[in-house]
Amino acid sequence: MQDIVDELIQKIDSEWQYYYIDQLTQSKANIFANSDLISKKRTISFLLKKIGRRMSEDILRRVLYLEDLTDEAFRFCNDHPEDSLEDSIRIFFQSFSDENCRKDPMDTSKK
C-alpha cells in the first residue's frame with residue numbers, strides 16, 4: 001500500500017513542478033494576475049496528497065491512470081464551488097470507488 005501512496009505523491013509533485021516551471025515562463029504581471037489560480041492549485045496539490053494517503057488502494061490505482069490528476073481535481077473543485085476544497089477533493093477521490101465505477105452511466109433510474 002505504501003508503494004502506491006508514494007507513487008501518488010510522486011505524480012502530484014511532478015505535476016506541480018511542471019506547472020511551476022510553466023509559470024516561470026510567464027511575465028511578472030501575468031503571474032501576479034494568476035496568483036489566486038496558482039495558490040488554489042498549490043492547495044489542491046497539498047490536499048490531494050493529504051487525503052490520498054487515506055484512500056483505498058483500489059481508488060488510488062484508478063486515480064493514477066488520470067493523465068493530469070491535479071488539473072482533473074482542479075476542474076472538479078471548480079464544478080463544485082458549494083463545497084470546501086477539502087470536501088471537493090474527498091468527493092473527487094470517492095468518485096473513483098468501486099460503487100461509483102460500476103454504475104452504468106446510461107442508467108437513469110433512481111435507486
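The residues of the chain are indexed from 1 along the displayed sequence. Since the structure is predicted, the reported quantities are computational estimates derived from the model, not experimental observations.
Between Glu72 and Phe92 the shortest side-chain heavy-atom distance falls below 4.5 Å. In this structure, the side chains of Leu60 and Phe93 come closer than 4.5 Å at one or more pairs of heavy atoms. Two residues are said to be in side-chain contact when any heavy atoms from C-beta on lie closer than 4.5 Å; Phe74 and Thr43 fail this criterion. Side-chain contact between Lys28 and Phe32 is absent, with no heavy-atom pair separated by less than 4.5 Å.
Heavy-atom neighbours of Glu67 CD from other residues, nucleotides or ligands within 6.0 Å: at or below the threshold of 12. Within 6.0 Å of CD on Gln10 lie no more than 12 heavy atoms contributed by other residues, nucleotides or ligands.
Under 4.0 Å is where a charged nitrogen must lie from a carboxylate oxygen, and between Asp87 and Arg90 at least one such pair does.
Atom CG of residue Asp6 and atom CZ of residue Arg53 lie 8.5 Å apart, to the nearest 0.5 angstrom. Distance check, rounded to the nearest 0.5 Å: CD1 of Ile31 to CG of Leu37 gives 12.0 Å. If you take OH on Tyr20 and CZ on Arg42, they are separated by 10.0 Å, rounding to the nearest 0.5 Å. Between atom CG of residue Leu85 and atom CZ of residue Phe46 there is a gap of 12.0 Å, rounded to the nearest 0.5 Å. Atom-to-atom distance recorded for Ile4:CD1 and Met55:CE is 13.0 Å, nearest 0.5 angstrom. In this structure, Lys49 NZ and Ile44 CD1 are separated by 13.5 Å, a value rounded to the nearest 0.5 Å.
Closest heavy-atom contact between Ile38 and Trp16: O-CH2, 3.9 Å. The two residues Ile89 and Cys77 come nearest to each other via the heavy atoms CD1-SG, 3.7 Å. Scanning all heavy atoms of the two residues, the minimum distance from Gly52 to Leu8 falls at CA-CD2, 3.8 Å. Closest approach of Arg62 and Ser97 over heavy atoms only: NH1-C, 3.7 Å. Heavy-atom minimum distance, Asn34 versus Gln23: ND2-OE1, 4.5 Å. Closest non-hydrogen pair, Ser45 versus Ile12, comes out as O-CG2, 3.7 Å.
For the residue pair Gln17 and Asp13, no side-chain donor N or O sits within less than 3.5 Å of a side-chain acceptor on the partner.
A donor-acceptor contact shorter than 3.5 Å links the side chain of Glu15 to the backbone of Leu69. Of the possible donor and acceptor atoms, none in the side chain of Ser39 sits under 3.5 Å from a partner among the backbone N and O of Ser35.
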Could you go through the side-chain contact (heavy atoms from CB on, under 4.5 Å) check for Leu64 and Glu7 one step at a time? CA-CA 8 Å; Leu64 285 170; Glu7 199 175 331; 3.9 Å; yes
Kindly determine whether Lys40 and Asn78 satisfy side-chain contact (heavy atoms from CB on, under 4.5 Å), including the steps that lead there. CA-CA 10 Å; Lys40 187 174 183 179; Asn78 283 340; 2.5 Å; yes
